Amino acid sequence: MNKQQIIIIDGHDKAGKSTIAAALSKRLKIPVFKRTNVKKNYDFVIDLFYSIESYLQFLEQTKYSVIFDRLYPSEYAYSQVFNRMTSNEKIYEIDERFSQLDAKIIILKKKKTKQLKDELIDKNLYDNLTEEFQLFTYVSYCKTLILDTSNKNLKKQLETIIKFINQ
């Protein structure tokens with residue numbers, strides 16, 4: 001069995017997470033996991049305490065590799081910007097345990113002018129989200145990379161990510 005690899009692709013809505021996760025999965029032959037049940041009344045705190053905790057225990061016990069298409073870094077950033085109840089204490093605990101598994105986190109961002117064309121993020125909140133994702137990289141125990149995906153050059157982005165995860 002190969003060395004376990006855990007890669008978390010995170011960042012703003014429409015920054016390219018799913019596209020990059022799929023391409024990286026194909027290249028590294030590691031499956032992608034993307035939560036698809038986030039609905040209007042979704043409880044992010046319950047997800048943090050139960051679902052992500054279960055993912056962690058599964059990975060700790062099985063040593064499987066996975067690429068996550070969004071995970072707890074989003075909870076950190078979005079809960080701050082939208083003033084949503086969360087548990088930073090649990091986020092830090094989860095992050096520390098992911099770091100013990102040598103997880104790598106790639107935070108994607110686009111230039112504001114390119115990102116706002118999609119209009120999923122209120123332009124008044126975009127800078128706040130960018131700042132919170134940046135702050136997350138300062139408090140995370142995991143190795144993190146912030147990658148600008150504005151140019152949509154997938155080949156170059158993958159090269160940058162591969163270099164980062166092989167450090």
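Remember, it's a predicted structure, so these values are computed and weren't measured experimentally.
The hydrophobic clustering, which links ILVMFWY residues whose side-chain heavy atoms are closer than 4.5 Å, places Ile91 and Ile52 together. Put simply, Leu147 and Ile105 are part of two different groups of oily side chains (I, L, V, M, F, W, Y) that touch within less than 4.5 Å, one to the next. At a threshold of 4.5 Å between side-chain heavy atoms, the hydrophobic network of Ile, Leu, Val, Met, Phe, Trp and Tyr places Tyr76 and Leu125 in one connected group. Leu71 and Tyr141 fall into different hydrophobic clusters, where Ile, Leu, Val, Met, Phe, Trp and Tyr residues are linked whenever their side-chain heavy atoms come under 4.5 Å apart, directly or through other members. The cluster map of Ile, Leu, Val, Met, Phe, Trp and Tyr, joined by side-chain heavy atoms under 4.5 Å apart, puts Ile107 and Ile165 in different clusters.
A 4.5 Å side-chain heavy-atom check between Lys110 and His12 finds every atom pair outside the cut-off. Between Glu75 and Asp47, the closest side-chain pair of non-hydrogen atoms is not below 4.5 Å. Contact annotation: the side chain of Ile106 never approaches that of Asp10 to less than 4.5 Å [non-hydrogen atoms, C-beta and beyond]. When side chains are defined from C-beta on, Tyr55 counts as touching Arg35, because their heavy atoms get closer than 4.5 Å. Using a 4.5 Å heavy-atom cutoff, the side chains of Leu145 and Lys104 are not in contact. Between Ile6 and Ser65 there is no side-chain heavy-atom pair separated by less than 4.5 Å. No side-chain heavy atom of Ser140 sits under 4.5 Å from any side-chain heavy atom of Tyr92.
Atom CD of residue Glu53 and atom CD of residue Gln57 lie 4.5 Å apart, to the nearest 0.5 angstrom. Rounded to the nearest 0.5 Å, atoms CG (Leu59) and CD (Gln5) are 12.5 Å apart. Ser150 OG to Gln157 CD: the interatomic distance, rounded to the nearest 0.5 Å, is 9.0 Å. With values rounded to the nearest 0.5 angstrom, Thr144 atom OG1 is found 12.0 Å from Phe133 atom CZ. To the nearest 0.5 Å, atoms CZ (Phe164) and CD1 (Ile7) are separated by 9.0 Å. Here the CG atom belonging to Leu158 is positioned 9.0 Å from the CG atom belonging to Asn153, to the nearest 0.5 angstrom.
The minimum heavy-atom distance linking Ala23 with Leu154 is given by the pair CB-CD2, 3.9 Å. The two residues Ser99 and Cys142 have their closest heavy-atom pair at N-SG, 3.5 Å. Taking both residues in full, the closest heavy atoms of Arg70 and Lys17 are given as NH2-NZ, 3.0 Å, listed atom of the first, atom of the second, then distance. In terms of heavy-atom proximity, Ile30 sits nearest to Ser25 at O-OG, 2.5 Å. When all heavy atoms of Asp95 and Val139 are compared, the closest pair comes out as OD2-O, 4.2 Å. Across every non-hydrogen atom of Leu48 and Ser87, the tightest pair is CD2-O, 3.7 Å.
When atom types are taken as modelled, the side chain of Lys63 and the backbone of Glu60 share a donor-acceptor pair closer than 3.5 angstrom. Judged by distance alone, with hydrogens and angles left aside, the side-chain atoms of Thr62 form a donor-acceptor pair with the main-chain N or O of Phe58 at under 3.5 Å. Side-chain N or O atoms of Thr149 include one that pairs as donor or acceptor with a backbone N or O of Ala15 at under 3.5 Å. Looking at Lys152, its side chain never comes within 3.5 Å of a backbone N or O of Gly16 through a donor-acceptor pair. Under the 3.5 Å distance criterion, the side-chain polar atoms of Glu132 are left unmatched by any main-chain donor or acceptor of Asp127. A donor-acceptor pair under 3.5 Å links the side-chain atoms of Asn166 to the main chain of Ile162, judged by distance alone. Using a distance-only test at 3.5 Å, with no hydrogens or angles considered, no donor-acceptor pair links the side chain of Thr86 to the main chain of Asn88.
Look at Arg97 and Glu93 and you find a salt bridge, because one of the NZ, NE, NH1 or NH2 atoms lies within 4.0 Å of a carboxylate O, short of that distance.
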(request) Any chance you could lay out the side chain to side chain contact (heavy atoms under 4.5 Å, CB included) test for Phe98 and Phe68, step after step, and finish with the verdict? (result) CA-CA 12 Å; Phe98 268 105; Phe68 285 101; 4.0 Å; yes
(message) Test side chain to side chain donor-acceptor pair (under 3.5 Å) on Lys34 and Ser18; report intermediate values, then the result.
(response) CA-CA 8 Å; Lys34 180 177 181 172; Ser18 296; 2.9 Å; yes
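The 12-atom threshold is exceeded at CZ of Phe82, counting heavy atoms of other residues, nucleotides or ligands nearer than 6.0 Å.
Residue Ile9 forms a side chain to side chain contact (heavy atoms under 4.5 Å, CB included) with just one option from Asp69, Ile67, Val32, and that option is Ile67.
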